[in-house]
Amino acid sequence: MEAVAEGLWRLADYHEKQGELGKAIKCLEAICQSPVSFFPVLEVKTRLRIATLLLTYSHNVNHAKSHLERSQLLLKSIPSCFELKCRAYSLLSQCYHLVGAIPPQKQLLYKGLDLTNSAGHELSVKLWSCNFNSQLANALIIEGDYQNSISALESGYVFSAEICYPELQMFFATSILHVHLMQWYDDNSVEQAVNKCDEVWESMEPEKRQQCVGLLFYNELLHIFYRLRICDYKNAAQHLDKLDAAMKADLQQTQYIEDLTKEMNALNQSLSRSDLHYKDRLALTGKHAQLQEQLRSITRPTSMSKESLEPGHFGNVRRTSRDKLELAPYPIDGEWLPKSAVYALVDLMVVIFSRPKGLFKECSKRILSGMLTIQEELVKLGIADGVREVSLQHSAIWMAGVYLMLIMQLLENKVAIELTRSEFVEAQEACESMIEMLRGQYAHYVGCYHEATFHYIEAAKLTESKSIQAMCQVYAAVSYICIGDAESSTLALDLIGPVYSMMDSFVGVREKTSVLFAYGLLLMKQHDLQEARNRLAKGLQLTHNHLGNLQLVAQYLTILGSLALALHDTVQAREILRSSLTLAKKLYDIPTQIWVLSVLTTLYQELGEKGNEMENAEYQCKKADDLQRRLVDAHSSIHHIELIDKVRLEIQQLKGVDIKRAGSISLGVDLDIPGSIGASVSTSSLKLMDIDSGRRGKRKI
């Protein structure tokens, strides 16, 4: 049976290298689910391997957790296997951390520490003690227990000093400083923590310090935060210069490695040709060996890059060591923040120090760099227009919070720069436009469509951003369509037409998907059903493939389902509407649910399915009552009239200052509201759901 297990492990290795995670896990789970029992140790190793794959390549934390909990039960009956027990504790602790289960995580880590305390004084025992103390400190910080967190980190520091491991000592020294900066008890304690970091860092060999890039960034950033807190800007600037130089060097090396890798891949492709001449093959082989040696010299393994069972990153893709800023060696193998977040933080620090000096060109460059980096990372986390918190993993939500905080800081500095340069109109207009857009959205949500059109049109007037102007016009057009009379439809067409004619000029697809949605609604209102179907089908495809806005997808599907019903294609209508209802329920989008349910009721009436019709109508009534209750609460609010009032909010103009325009308003683009077309249209469903069933009278909310 051991030979069978070995074969399945090798097959799993093959599928993992091919990127076939599902097949790799099936091979390994075949061992765990076999009717013939394997040795418990073999099953434990297999379950640990499955959990590692799941945590490294997917978001399936619960599946990994179940394998690890089963491993723990098996390990209880095995007297030895110290390493396996520690790995199981560490991985399961990380699972608990990812799902936000801090009390069971702490309980598990205390068990791990009890195990190491009774296991002797070997190197591996001390390392696992460091691992558990590190994770325990993190869990305690989440609960706000800073003192015990520092105690856990100090224990880790003692163990790392006992085994003479300077990188690990530095990790714990910087972590202690980090906690002190979070909870500043007294100046002396913080200063001592800073001095300890300096002492340990200086004790490390220069070559070792160069290899510990993650610790370098972490240490320098913490020193900057400390110097800023005590208003020692001169020394803070020196640390920032060192940090910025390190970032630029790391970026250059990363680019160089990517270039070498591309060249290697091209050589591999050439060498794979069967018709390659002997001399050419010989030359290419020599060149290949040179490139391999260059890559080895740059990416030489260190004590910080040893492969471990504990993944340092949980998500869709396993990052290579050069894509991480590792803080500690195995078996901790962690990072403070992803490299991209650290780079964005460095950009932010440069902006903070450059702005008072009037280096606005450098500030603008760094703000743009930081914003682009963060936007790319948010997409990798699955965060896009229309995605709701309930659809995200706990770890993604936490990381997104960090990125969004950085975005807010960058934007605040961008506004401050505009104000510092006396470009008051630019900063002012961005705020005014955003406020009017939000007022329009609120008015639309609560069914005050005339007021919504007013605020959207005002928002468009207050910005020079073509993108925001286009979106405001689309939003206003949808509100006009919801009003329902002929004059409003004409006004909607007047707004949509210009945007539709220039939609291919926009970067990205957000404007295009929005205008196709609104134009499809208008064509449907005008009973041009086939043309509406064509436009909406195109918009749905773009939304699904490029935008990731599930709310807008649900609304597209609902309209297409209504169209299918109007064209007497009841089979397709049923299928589309069920998909739309599933999405609307997933998103907790009550207005869209009501819209879909209304069309489904009409479908069941036409098909003579009385049972489905009654059940559907009852559920629709329940949802409508829920929405009506929410609307009544909104209308009774003391702020309601003020928000929807058809008067533009005037921000007091500055007097005695020569206010001049100075170029284009880039700030407006940064403050755009992502995915708001989906939000705007959802309440409009209350008006549009009756289009194809012959009930086109005005509906009051």
Side-chain angles (χ1 to χ4, degrees), residues 3-28 30 45-46 49-50 52-58 207 210-214 246-326 329-330 333 335 338-340 343 372-373 376-377 379-380 545:
V4 173
E6 185 179 351
L8 287 168
W9 266 65
R10 292 195 176 189
L11 191 56
D13 285 338
Y14 170 78
H15 286 307
E16 182 184 356
K17 288 175 183 176
Q18 298 297 312
E20 298 170 326
L21 175 64
K23 292 181 180 179
I25 289 175
K26 281 183 180 179
C27 291
L28 296 169
K45 288 181 178 179
T46 303
R49 173 84 185 283
I50 294 169
T52 303
L53 288 172
L54 290 167
L55 292 174
T56 305
Y57 294 111
S58 78
E207 184 182 0
Q210 285 182 347
Q211 293 173 4
C212 299
V213 180
M247 184 180 79
K248 289 174 180 175
D250 191 61
L251 282 170
Q252 288 176 354
Q253 179 167 297
T254 301
Q255 185 60 50
Y256 182 55
I257 291 171
E258 287 178 1
D259 293 340
L260 285 178
T261 304
K262 285 179 183 176
E263 196 174 349
M264 283 270 290
N265 292 337
L267 278 176
N268 287 333
Q269 194 170 3
S270 299
L271 286 168
S272 65
R273 286 170 45 199
S274 58
D275 60 341
L276 193 63
H277 192 273
Y278 174 74
K279 287 185 178 179
D280 293 335
R281 185 178 295 278
L282 198 63
L284 289 175
T285 303
K287 178 67 174 173
H288 190 275
Q290 288 178 2
L291 290 174
Q292 275 189 322
E293 183 56 37
Q294 284 178 277
L295 274 173
R296 269 197 295 268
S297 66
I298 297 170
T299 59
R300 59 185 177 277
T302 70
S303 59
M304 298 280 287
S305 61
K306 180 179 176 181
E307 283 293 324
S308 75
L309 200 65
E310 289 70 43
H313 173 260
F314 304 98
N316 296 323
V317 185
R318 182 170 187 169
R319 296 207 298 265
T320 58
S321 60
R322 66 174 177 270
D323 293 325
K324 293 168 59 178
L325 290 172
E326 291 180 341
Y330 174 84
D333 189 33
E335 56 182 355
K339 184 185 282 191
S340 56
Y343 282 175
L372 290 173
T373 300
E376 289 173 3
E377 292 303 313
V379 171
K380 291 178 186 176
N545 292 340

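The figures here come from the full heavy-atom set of this structure, side chains too, leaving out hydrogens, waters and symmetry mates.
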Rounded to the nearest 0.5 angstrom, the CG-CG distance for Leu21 and Leu54 is 6.5 Å

Taking Met264 as the fixed residue, which of Gln269, His288, Lys287 is the one that meets the side chain to side chain contact (heavy atoms under 4.5 Å, CB included) rule?
His288

Euclidean distance, Arg281 CZ relative to Leu276 CG, rounded to 0.5 Å:
4.5 Å

Kindly determine whether Leu251 and Thr254 satisfy side-chain contact (heavy atoms from CB on, under 4.5 Å), including the steps that lead there.
CA-CA 5 Å; Leu251 282 170; Thr254 301; 5.6 Å; no

What one should report as the nearest heavy-atom pair of Glu16 and Ala24 is N-CB, 4.1 Å

With the side chain counted from C-beta on, respond yes when Leu53 and Leu28 share a heavy-atom pair under 4.5 Å apart, and no when they do not.
yes

Would you give the length of the straight line joining atom CG of Leu8 to atom NE2 of His15, rounded to the nearest 0.5 angstrom?
9.5 Å

Glu258 side, atom CD; Gln253 side, atom CD - distance, nearest 0.5 Å
11.5 Å

Distance check, rounded to the nearest 0.5 Å: Ile50 atom CD1 versus Leu55 atom CG?
12.0 Å

Could you tell me if Gln294 and Tyr256 have a donor-acceptor pair between their side chains, going purely by distance under 3.5 Å?
yes

Evaluate salt bridge (Lys or Arg N to Asp or Glu O under 4.0 Å) for Asp13 paired with Arg49, printing each intermediate quantity in order.
CA-CA 11 Å; Asp13 285 338; Arg49 173 84 185 283; 2.6 Å; yes

CG of Leu291 to CG of Asp259, rounded to nearest 0.5 Å, is 11.0 Å

